[in-house]
Amino acid sequence: MKATQSKSPIFNYFLISIFLTLPLLLLLLLLCSLKAAVHPPPLPQNVALAESEDLRIRPGYSSYDAYIQRQLNKTLNPKLRTIWTTRDWDRKIQVFAKFFDDLKQEKLLSNESKALCIGARVGQEVEALKRVGVSDSVGIDLVPYPPLVIEGDFHRQPFDDETFDFEFSNVFDHALYPDKFVMEIERTLKPGGVCVLHVALSKRADKYSANDLFSVKPLVKLFKRSEMVRVRKVDGFGLDTEVVFRKNAKSLNAIQRP
């Protein structure tokens, strides 16, 4: 009888501790789920691509949030943003406008195209599209720059399926998950739509890059629902190759977003 009575207070303390701890655990689970919703992790790379010698993912990111923070360190750099919006503004617009004019001459872009620029920073390429007559143009980046650029993660574009006729990007090297980057382009492109990428093949990209590309072969493998139209050499602010893809007019298997 005494043994039973001596255990009773201990048992009561145990129950009280459970009741006090349970709400805290539930709160932690809720916070973790909210964090995941803010930065949903992209799909992992497929094994075949990860083993490619022509496309290598740079190591060193402990989490997707760490990768995002690394990219924000460049995008939010006050000195760079001042340069982008002053000294580089007109110069880059002129160069982009020449690229887009050439694409219009080749019938790969028209004034009626609904266009997206991926990783547009402060939107020089968007402004260039508007100046050559493609008025329905917008850019996405982690940091918005209204009215030219809205907030968006290129691993998970904030647009519906088959929204755009034309997509342009010169930040493929910043993609931590190149397969997800391309899947989102093909998801949001209309059938028959055109994607133009400017990439660096002859030299390594900047210190904020998340991958290194050594040939166009990995790109051809990544664009599973598109055909490569052409490849040409360009001088695009450290990027030396322009690759053009056209999405197949009919897709047998639409890719669903996770």
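By convention here, the first residue in the shown sequence is residue 1. Please read all numbers here as calculations on a predicted model, not as lab measurements.
- Proximity of Phe237 to Asp88: side-chain heavy atoms (C-beta onward) are nowhere separated by under 4.5 Å.
- Across all non-hydrogen atoms, the minimal contact from Arg81 to Thr75 is NH1-O, 2.7 Å.
- With a 6.0 Å cutoff to the six-membered ring centre and a 45° limit on the axis angle, Lys190 does not count as a cation-pi contact of Phe164.
- Within 6.0 Å of atom NZ in Lys79, 12 or fewer heavy atoms from other residues, nucleotides or ligands are found, so the atom counts as exposed in its surroundings.
- Distance alone, capped at 3.5 Å, places no donor-acceptor pair between the Lys247 side chain and the Gly193 backbone.
- Asp101 and Gln105 are not linked by any side-chain donor-acceptor pair at a separation below 3.5 angstrom, with hydrogens and angles left out of the test.
- A distance of 9.0 Å separates OG1 in Thr163 from CG in Leu116, rounded to the nearest 0.5 Å.
- Considering every non-hydrogen atom in both Val229 and Phe245, the closest pair reads CG2-C, 4.1 Å.
- Within the 4.5 Å cutoff, side-chain heavy atoms of Arg131 are placed close to those of Ile93.
- Aromatic rings of Phe100 and Phe168 (six-membered ring for Trp) have centroids within the 6.0 Å cut-off, being under it.
- Using a 4.5 Å heavy-atom threshold, the side chains of Glu151 and Val143 count as separate.
- Within the model, atoms NZ of Lys130 and CD of Glu125 stand 12.5 Å from one another, a figure rounded to the nearest 0.5 Å.
- Cluster membership check: Val138 does not share its hydrophobic cluster with Val122, using side-chain heavy-atom separations under 4.5 Å among Ile, Leu, Val, Met, Phe, Trp and Tyr.
- Distance NE2/His198 to OG/Ser169: 10.0 Å, rounded to 0.5 Å.
- For the pair Arg56 and Phe214, the distance from NZ or CZ to the six-membered ring centre is under 6.0 Å and the angle to the ring normal is within 45 degrees.
- Here the closest non-hydrogen pair linking Gly152 and Ile140 is CA-CB, 4.3 Å.
- Separating the NZ atom in Lys92 from the CG atom in Asn170 is a distance of 7.5 Å, to the nearest 0.5 Å.
- Contact check for Val196 versus Val243: no side-chain heavy atoms found under the 4.5 Å cut-off.
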- Task: Check the pair Phe181, Asn211 against side-chain contact (heavy atoms from CB on, under 4.5 Å), reporting the backbone distance first and the verdict last.
- Result: CA-CA 12 Å; Phe181 179 92; Asn211 71 71; over 6 Å; no
- Task: Carefully, step by step, assess Glu106 and Arg230 under the rule salt bridge (charged side-chain N to carboxylate O under 4.0 Å, His left out).
- Result: CA-CA 11 Å; Glu106 297 178 73; Arg230 65 158 171 78; 2.8 Å; yes
- Message: Does Asp173 form a side chain to side chain donor-acceptor pair (under 3.5 Å) with Ser209? I'd like the steps, not just the answer.
- Response: CA-CA 5 Å; Asp173 58 296; Ser209 298; 2.5 Å; yes
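- Scored by the side-chain contact (heavy atoms from CB on, under 4.5 Å) test, Lys74 finds Leu80, Trp84, Arg121, His174, Asp206, Tyr208 as partners (sequence neighbours excluded).
- Under a 4.0 Å N-O distance rule, the pair Arg187/Glu184 qualifies as a salt bridge.
- Looking at Cys195 and Val244, their side chains never come closer than 4.5 Å, going by heavy atoms from C-beta outward.
- Aromatic ring centroids of Tyr177 and Phe154 lie 6.0 Å or more apart.
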- May I have the step-by-step check of side chain to side chain donor-acceptor pair (under 3.5 Å) for Thr188 and Glu167, ending in yes or no? CA-CA 9 Å; Thr188 56; Glu167 298 192 25; 2.6 Å; yes
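- Val216 and Phe99 are members of different hydrophobic clusters when ILVMFWY side chains are connected at heavy-atom separations under 4.5 Å.
- In terms of modelled atom types and a separation under 3.5 Å, the side chain of Asp240 and the main chain of Ala200 share no donor-acceptor contact.
- Among residues two or more places apart in sequence or in another chain, the side-chain contact (heavy atoms from CB on, under 4.5 Å) test is passed with Ser135 by none.
- Linking ILVMFWY residues whenever their side-chain heavy atoms come closer than 4.5 Å, directly or via other members, places Ile68 and Leu76 in the same cluster.
- Following chains of ILVMFWY side-chain contacts shorter than 4.5 Å, one can reach Leu55 starting from Ile185, so the two form part of one hydrophobic cluster.
- Glu127 is listed as a side-chain neighbour of Leu148, based on a closest heavy-atom distance under 4.5 Å.
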- Could you walk me through whether Gln157 and Ile118 pass side-chain contact (heavy atoms from CB on, under 4.5 Å), step by step? CA-CA 9 Å; Gln157 290 187 21; Ile118 303 166; 3.8 Å; yes
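- Taking CD of Gln71 as the reference point, atom CD of Gln69 lies at 10.0 Å (rounded to 0.5 Å).
- For the pair Asp102/Arg232, a side-chain contact is recorded, criterion being any heavy-atom separation below 4.5 Å from C-beta on.
- Leu109 places none of its side-chain heavy atoms less than 4.5 Å from the side chain of Val194.
- Taking the side-chain contact (heavy atoms from CB on, under 4.5 Å) definition, one finds that Val182 meets it with Phe172, Glu186, Leu222, Phe223, sequence neighbours left out.
- If you check the side chains of Ser215 and Asp54, you find a donor sitting under 3.5 Å from an acceptor.
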- Query: Would Lys104 and Val132 satisfy side-chain contact (heavy atoms from CB on, under 4.5 Å), going step by step from the backbone distance to the final call?
  - Reply: CA-CA 9 Å; Lys104 289 179 70 175; Val132 301; 4.3 Å; yes
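- Taking each heavy atom of Gly139 and Val126 in turn, the nearest pair found is N-CG2, 3.6 Å.
- Between Ala175 and Tyr67 the shortest heavy-atom distance is CA-OH, 4.0 Å.
- At a threshold of 4.5 Å between side-chain heavy atoms, the hydrophobic network of Ile, Leu, Val, Met, Phe, Trp and Tyr places Ile57 and Leu219 in one connected group.
- One distance of note links CG of Leu213 with OG1 of Thr241; it measures 8.5 Å at 0.5 Å rounding.
- Residues Leu129 and Ala115 approach most closely at CD1-CB, 3.9 Å, considering heavy atoms.
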